[in-house]
2 protein chains.
Amino acid sequence: MPKRVDHAERRTEIAEALVRVAGRRGLHAVGMREVAAEAGVSLRLVQYYFQTKEKLLFFGLELLAERFGERVSARVRAAGDSPGPRALVEALLMAALPTDDESRTFHHLYTSYAVLAVNDPALAAQPFIKNPDAAEDALTELLRQAQEAALLEPGVDARLEAAGLLAMSAGLGTGILVGQRSAESATAVLGHQLNRIFRTGDEVST
Amino acid sequence: MPKRVDHAERRTEIAEALVRVAGRRGLHAVGMREVAAEAGVSLRLVQYYFQTKEKLLFFGLELLAERFGERVSARVRAAGDSPGPRALVEALLMAALPTDDESRTFHHLYTSYAVLAVNDPALAAQPFIKNPDAAEDALTELLRQAQEAALLEPGVDARLEAAGLLAMSAGLGTGILVGQRSAESATAVLGHQLNRIFRTGDEVST
DNA sequence: ACCTTCGTGGTACGTTCGTATCACAAAGCC
DNA sequence: GGCTTTGTGATACGAACGTACCACGAAGGT
């Protein structure tokens, strides 16, 4: 049976199994055996491709971040051919909301990792800072451009506003996740916020 | 030795030990034995006052929510004798930010519980919804009053704004928690947001 | 054609965890 | 003052977990 196999691919498959079971039962409850079963391989194999559980978890986080980045990019690209700044900003912020199973799992697990990182320096060294900071930079740049095109209300500080919007999006996402608020209500809150930032030339986008 | 003892008090002491050790090592890592050691009692005693770990965790959450409520109330009361609406709003929002050890632990553990609640219906039935909803109602009412006193910029929807501000505060709090942003930067973001909501009669309060 | 390396399975080990059990002393009740 | 209840200690148990170990079949290289 043992043909030569692509390690990277195998690792990705197993990490995807990890993400699935973690999304279903919670990151705290996932064990090597269950990941193996979900991936349809033996426990030994999980050990073989990841020597330790910690490494498996790290790789799972990387996978999660990567997939999420792709998702956001896709959303932004889908925002239209020559999208207005507001449509771009909206796409960026809405993509982070847990509106379907995939984004819900992402939000759930990312928060789980973040909580673990509070007490785990090794985990805290992972892309927890890098990734959100990049998003903040990107959004700030978007707002600056809109500002130069005189599309924003006066008195808006691009950087502070970007940070605030991203934090709001994250907070709303958590609210959705725990069932406190519906996805529709979250988008309404976000939309109202954008209405107050952008000059009234209402393009509410899709 | 066995004098008659106040159960409620004992349970609170043990739950406080739970909160301490959970804040130190993460909620996922806390065991009955460690809680017992932290509280300075035997494992048996923890079992005696809480029959099961689940009940201990529930009680810990209740304690956390209660203490946090008191903290917010204290902050709001300390906002001044006849505080302006903006000072009140600011006190409410800032109190939720993890600026010191106590609020940091609160934010950390509350988020931990929230993550667990995603996959645990019994935990989800605890005050996860009730409490934030109450905060949203209170903040909405505060904004409405400010609105009637013509202290707000036009075009502000009190309810949507309240929800947005609370979500932003929560999101900023998480950012502080994971070391992505400093407490000062978070308060700056929040302050800027309030500046754009309240009419310019700048009282930045303490 | 041999031999090394790679992929894989099965299983055992040591630890830790939550919980249950046994034992017993002090206090309250009548 | 005997007896029941209450508080407390020590320890045992069964399960689950991460990890380590042993064995072996099938390719690849030369």
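Throughout, protein chains are lettered first and strands after them, A, B, ... in sequence-line order, and every chain is numbered starting at 1.
- Of the candidates D:dA20, C:dC17, D:dG18, the closest approach to any side-chain atom of A:Gln47 belongs to D:dA20.
- For the salt bridge (charged side-chain N to carboxylate O under 4.0 Å, His left out) with A:Glu16, the lone residue among A:Arg11, A:Arg10, A:Arg67 that qualifies is A:Arg67.
- Distances from the side chain of A:Leu43 to the nucleotides C:dT8, D:dT19, D:dA12 place D:dT19 closest.
- When distances run from any side-chain atom of A:Val5 to the nucleotides D:dT19, C:dT19, C:dG7, the shortest one goes to C:dG7.
- Contact annotation: A:Tyr48 side-chain N/O to C:dG9 OP1/OP2 distance is not under 4.0 Å.
- B:Arg44 has no side-chain polar atom (N or O) that falls below the 4.0 Å cut-off from OP1 or OP2 of C:dC24.
- Residue A:Ser42 places none of its side-chain N or O atoms closer than 4.0 Å to OP1 or OP2 of C:dT8.
- Side-chain N/O atoms of A:Tyr49 include one lying less than 4.0 angstrom from OP1 or OP2 on C:dT8.
- In the set D:dT19, C:dC17, C:dT8, the nucleotide with an atom closest to the side chain of A:Met32 is D:dT19.
- Applying the 4.0 Å criterion to OP1 and OP2 of C:dG7, one finds that A:His7 has a side-chain N or O inside that range.
- For the pair B:Thr52 and C:dG18, the criterion of a side-chain N or O lying under 4.0 Å from OP1 or OP2 is not met.
- Here the CZ atom belonging to A:Arg144 is positioned 6.5 Å from the CZ atom belonging to A:Arg159, to the nearest 0.5 angstrom.
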